[in-house]
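Reckoned from all heavy atoms, side chains included, excluding hydrogens, waters and symmetry mates.
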Amino acid sequence: RRAEHHHLLHTMPVVRVAVVVVVAVVVFCAPALGATPCDLQPSGTCRCNVSYCDTVAAPEHPLPAGAFQVYETSKSGARLTSRLGQLEGRSSSPKDDVVKFTLDPAVRYQSIIGFGGAFTDAATINMASCGKPLRSKMLESYFGPSGLDYSLGRVNMGGCDFSTRVYTYDDVPGDFDLSHFALADEDLNFKIPAILDACRLAGRNLTLFGSPWSSPGWMKTTGGAGHGGTLINNSSYLSTWARYFSRFITEYEARGVHLWGVTAQNEPKDGLLGKLFPFNSLGFTADSQADFIEQYLGPELSASHPDVVLMALDDQRINLPHWADVIFSKGSAKYVQGTAVHWYLDSLTSPERLNETHHRHPSKFMLGTEACTGEIPPFNGPKPGDWDRGEHYARDIIGDLENWVAGWTDWNLALNMEGGPNWANNVVDAAILVDMNNTQFFKNPMFYTLGHFAKFLRPGTQRISKTVQGVAHEDLYTTAFADEANGRIVFTILNAGDGPQSFEVNVAGTDGTRVAETLAGNTLRTYLLPLA
């Protein structure tokens with residue numbers, strides 16, 4: 001999504017051509033356990049309109065005695081379809097071609113913060129443009145109990161590229177007391193109403209965090225929001241920018257939206273690219289961000305909003321562990337609770353960087369705060385129904401989770417069929433695409449991929465130990481969590497290869513908790529097992 005993709009040489013993810021074979025009529029995926037089936041289109045999307053939209057079956061609670069529940073999404077057309085299966089006794093020795101996973105709930109790792117997406121200007125404008133009935137179906141699909149049960153949300157603090165114009169909350173030069181600070185129409189008419197409705201549908205507050213793209217231009221060395229630049233190195237400007245964060249939090253709280261956290265800056269390295277980066281940005285190095293947090297932002301938030309979490313970096317993991325090492329070796333460490341990471345250069349780096357960062361700073365969490373597909377020219381923009389983009393999400397999420405990341409935030413919740421609006425024409429893809437001309441929207445495979453994690457890895461669930469016996473092919477990805485609140489183990493497995501893979505799942509310390517199945521190629525499953 002970022003302009004650095006236009007200007008920095010990097011390796012593109014492998015793209016396989018996805019061909020979904022369906023008959024040339026409307027096809028409804030087989031319903032399961034009370035769910036409304038997907039209206040599967042020839043493209044591979046699921047269509048929703050005012051009168052019809054698919055839903056996700058609720059997890060059985062408690063699970064029937066001796067049973068497991070499984071949800072499946074596949075290239076062949078399954079979309080979070082669910083069924084029950086019978087647990088088997090422990091096998092003595094699996095066959096050579098069967099991979100055996102042993103899960104041990106007694107060994108715990110990180111706890112989940114949440115999964116969700118971003119309430120950008122573009123996303124919430126698109127939702128509102130559909131009319132209230134369809135907007136409600138969209139929000140229910142993401143945040144409601146019959147949808148993905150999203151628990152996390154991101155909010156752009158002022159304008160970003162996924163706005164229809166360039167703006168900040170105080171564009172009056174020299175306004176050091178912020179007397180002209182005011183939320184924008186985009187906040188008041190689109191973002192805040194969507195957030196409040198999402199909370200009502202979810203039946204709870206969401207874990208929301210804000211991220212700034214640029215300070216007002218008059219605070220910057222460049223004089224404008226775009227084309228990079230840093231804060232003017234003067235205490236009047238630096239302290240005013242810190243107080244700007246506090247005003248944003250206060251104004252949102254006054255309208256019923258509680259922010260759990262903020263990031264210190266969206267992609268701080270973008271602002272160091274200068275004229276190569278055309279849209280909203282503000283540059284920091286690791287050292288200058290540490291100094292700004294230690295001297296200005298940290299003390300300001302501690303005094304005015306002590307319960308708000310502060311995250312550093314909010315940029316690509318290629319910057320780790322260096323960025324975290326700097327932040328947590330200075331006075332900034334006491335103000336920063338976690339490290340925010342984006343996914344855009346993940347193909348250049350191993351997720352082992354995340355593992356290394358955790359072990360260097362074990363008391364600080366890591367959270368995925370932005371991801372999207374279709375961001376790299378000439379393949380940028382929507383590609384409705386593309387399976388590979390959804391599978392790419394699953395691989396990356398599992399890789400992050402297996403290396404201490406505590407959640408994942410998708411970028412725009414909804415874009416139009418062109419991948420916008422975006423004032424800089426930096427169009428991308430999204431899990432939901434809105435066709436306003438025909439009062440309908442389409443759910444991409446990415447939507448269902450995200451559901452395999454968001455719906456079952458609730459806040460507070462913990463990753464558990466997983467050992468492997470046998471030789472799994474390189475396209476098999478797995479992760480496992482304990483959900484104490486619901487008395488279940490969550491085991492997610494992706495077969496990104498083309499051929500089938502037979503496997504077993506056993507739970508350590510039990511004799512009758514075994515799943516023995518075969519997973520077709522290009523298929524993602526989430527298993528719910530009883531937690532003894």
Side-chain angles (χ1 to χ4, degrees), residues 2-4 7 155-161 163 165-184 187 210-251 262-305 308 310-315 319 322-323 326-327 330-333 335-336 340 423-424:
R2 306 262 61 99
E4 63 192 73
H7 304 292
V155 186
N156 53 293
M157 190 173 131
C160 67
D161 52 319
S163 302
R165 62 191 179 99
V166 179
Y167 70 94
T168 74
Y169 296 136
D170 192 339
D171 289 318
V172 177
D175 185 21
F176 293 107
D177 61 3
L178 297 177
S179 60
H180 295 280
F181 184 103
L183 295 182
D187 300 278
S211 299
W213 263 246
S214 176
S215 67
W218 58 269
M219 297 185 188
K220 293 175 61 178
T221 55
T222 55
H227 300 293
T230 60
L231 289 168
I232 294 172
N233 190 21
N234 177 287
S235 61
S236 296
Y237 293 91
L238 296 167
S239 62
T240 302
W241 180 231
R243 285 186 287 109
Y244 185 105
F245 279 75
S246 286
R247 283 291 301 275
F248 168 72
I249 296 167
T250 298
E251 296 294 335
V262 292
T263 66
Q265 173 60 40
N266 175 73
E267 297 188 347
K269 294 191 75 172
D270 290 349
L272 305 179
L273 295 173
K275 293 189 179 297
L276 292 178
F277 200 89
F279 50 88
N280 323 52
S281 61
L282 181 64
F284 288 92
T285 63
D287 284 291
S288 65
Q289 184 173 89
D291 292 343
F292 173 64
I293 290 171
E294 178 181 0
Q295 297 172 36
Y296 299 99
L297 183 57
E300 172 63 33
L301 292 179
S302 292
S304 59
H305 298 285
V308 172
L310 177 59
M311 292 173 277
L313 186 58
D314 205 17
D315 211 326
N319 297 291
H322 167 70
W323 202 283
V326 172
I327 295 291
K330 294 190 170 189
S332 50
Y335 299 113
V336 178
W423 74 263

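Between Ala286 and His322, the shortest heavy-atom contact is CB-NE2, 4.0 Å. Pro299 and Tyr335 make their closest contact through CG-OH, 3.6 Å (heavy atoms, listed as atom of the first residue, atom of the second, distance). The two atoms that bring Gln265 and Ser281 nearest to each other are NE2-C, 4.5 Å, heavy atoms only. Closest non-hydrogen pair, Trp241 versus Leu231, comes out as CD1-CD1, 3.4 Å. Taking each heavy atom of Gly224 and Lys220 in turn, the nearest pair found is O-NZ, 3.0 Å. Listed here is the closest heavy atom pair of Pro278 and Leu276: CD-O, 3.4 Å.
With a 4.5 Å cut-off on side-chain heavy atoms, Trp423 and Val166 count as touching. The shortest side-chain heavy-atom distance between Thr263 and Pro212 falls under the 4.5 Å cut-off. Contact annotation: the side chain of Asp175 approaches that of Trp218 to within less than 4.5 Å [non-hydrogen atoms, C-beta and beyond]. With contacts defined as side-chain heavy-atom distances shorter than 4.5 Å, the pair Leu297/Val262 does not qualify. Residues Trp213 and Asp161 are in side-chain contact: their nearest non-hydrogen atoms beyond the backbone lie under 4.5 Å apart. Tyr296 is listed as a side-chain neighbour of Ser235, based on a closest heavy-atom distance under 4.5 Å.
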Stepwise side chain to side chain contact (heavy atoms under 4.5 Å, CB included) check, Thr230 with Leu272: CA-CA 8 Å; Thr230 60; Leu272 305 179; 4.1 Å; yes
Side chain to side chain contact (heavy atoms under 4.5 Å, CB included) assessment of Ile249 paired with His305: CA-CA 8 Å; Ile249 296 167; His305 298 285; 3.5 Å; yes
From CA spacing to verdict: side chain to side chain contact (heavy atoms under 4.5 Å, CB included), Ile293, Lys330: CA-CA 10 Å; Ile293 290 171; Lys330 294 190 170 189; over 6 Å; no
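No salt bridge links Asp177 with Arg243; every basic N to acidic carboxylate O contact stays at or beyond 4.0 Å.
Here the CH2-CZ distance, from Trp323 to Phe284, works out to 9.0 Å after rounding to the nearest 0.5 Å. Atom OG of Ser246 sits about 10.0 Å away from atom CG of Leu178, to the nearest 0.5 Å. Between the OG atom in Ser214 and the CG atom in Asn156 there is a gap of 12.5 Å [rounded to 0.5 Å]. Going from atom CD1 of Ile327 over to atom CD of Gln289 covers 4.5 Å, rounded to the nearest 0.5 Å. In this structure, CZ on Arg247 lies 8.5 Å from CG on Asp170, to the nearest 0.5 angstrom. Remark: Lys269 NZ to Asp314 CG distance equals 14.0 Å, nearest 0.5 Å.
In this structure, Tyr169 and Phe181 have tilted ring planes: the angle between them lies in the 30° to 60° band. Between Phe292 and Phe245, the ring planes are tilted. Angles from 30° to 60° get that label.
Counted by atom type alone, Asp291 and Ser288 present zero donor-acceptor pairs between their side chains at under 3.5 Å.
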